[in-house]
Amino acid sequence: MAKPVFIINGPNLNMLGKREPQIYGSDTLDDIRVRLEGRAQQLGLTVDFRQSNSEGELLDWIHEARDGACALIINAGAYTHTSIALLDAIQASELACIEVHLSNIYRREEFRHGSYISKSAKGVICGFGAKGYELALEAVADIVGHDLAS
Ligand code: DQA
C-alpha cells in the first residue's frame with residue numbers, strides 16, 4: 001500500500017472559517033480536508049491531514065512522516081517565521097516538502113516575510129487561499145510520479 005502524503009497544519013489553523021476571513025477565506029479546515037481527499041483520489045494519492053497548535057506535536061508528526069509518508073505538505077502558521085526546530089525536522093525527514101500559506105505572506109507585515117522552513121522546502125505556494133493546498137498536492141503527484149489526472 002502506497003504511503004500517504006502528510007498534510008500538516010500548525011497553530012490557529014483550526015480557527016479557519018472564523019479567523020480573519022478577509023485574509024484567510026471562509027472555508028473551514030474541515031472543508032479543505034474534504035476537498036483535498038477528493039483531489040488526492042483523482043491523483044492516485046492518499047492524504048493524512050492533521051492540525052496541531054503545539055510545536056512539539058508538529059515535530060513528532062514530521063518525524064513520523066520520515067517512514068510513514070511519501071511527501072509532506074506543511075502550513076506551519078506562525079511557526080513558519082520562528083521555528084528552526086521545524087526546519088531541522090523537515091530536513092531530517094529527507095522527504096519532498098511543499099510549504100503552503102493561504103495568504104500572500106509577502107504582502108503582509110514584514111515579520112511574516114521570513115520563513116525558516118522555506119530552506120527545506122522543494123517549493124512554496126502562497127496567496128491562493130485554500131486552492132494552494134490542491135496546487136501543492138498536484139506538485140507532490142508530479143514529484144512522486146503519479147499520473148496527473150484531470
Ligand atoms: C499563514 C500565514 C502566517 O503568517 C500566519 O501566522 C498563519 C497562517 C497562512 O496560511 O497564510 O497562521 O501560514
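Numbering of ligands and ligand atoms starts at 1, following listing order.
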Once rounded to the nearest 0.5 Å, what's the spacing between atom [atom1] of [X] and atom [atom2] of [Y]?
X	Y	atom1	atom2	answer
Thr28	Lys18	OG1	NZ	9.5 Å
His113	Glu110	NE2	CD	6.0 Å
Ile90	Lys119	CD1	NZ	11.5 Å
Ile74	Asn9	CD1	CG	9.5 Å

Crowding at NZ, Lys122 (>12 non-hydrogen neighbours, <6.0 Å):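 12 or below, so no.
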Which N/O atoms of ligand 1 sit under 3.5 Å from a protein N/O, and at what distances?
unit_1	atom_1	unit_2	atom_2	d
ligand 1	4 (O)	His81	NE2	2.7
ligand 1	4 (O)	Arg112	NH1	2.9
ligand 1	6 (O)	Ala78	N	3.2
ligand 1	6 (O)	Arg112	NH1	3.0
ligand 1	10 (O)	Asn75	ND2	2.9
ligand 1	10 (O)	Leu102	N	2.8
ligand 1	11 (O)	Leu102	N	3.3
ligand 1	11 (O)	Ser103	N	2.9
ligand 1	11 (O)	Ser103	OG	2.6
ligand 1	12 (O)	Arg19	NH1	3.1
ligand 1	12 (O)	Arg19	NH2	3.0
ligand 1	13 (O)	Asn75	OD1	2.8
ligand 1	13 (O)	His101	ND1	2.8

Just distance, no hydrogens or angles: give the donor-acceptor pairs under 3.5 Å from side chains in residues 53-60, sequence neighbours left out.
unit_1	atom_1	unit_2	atom_2	d
Asn53	OD1	Asn12	N	2.9
Asn53	OD1	Gln51	NE2	2.9
Ser54	OG	Gly56	N	3.4
Ser54	OG	Glu57	N	3.1
Glu55	OE2	Ser83	OG	2.5
Glu57	OE1	Ser52	OG	2.8

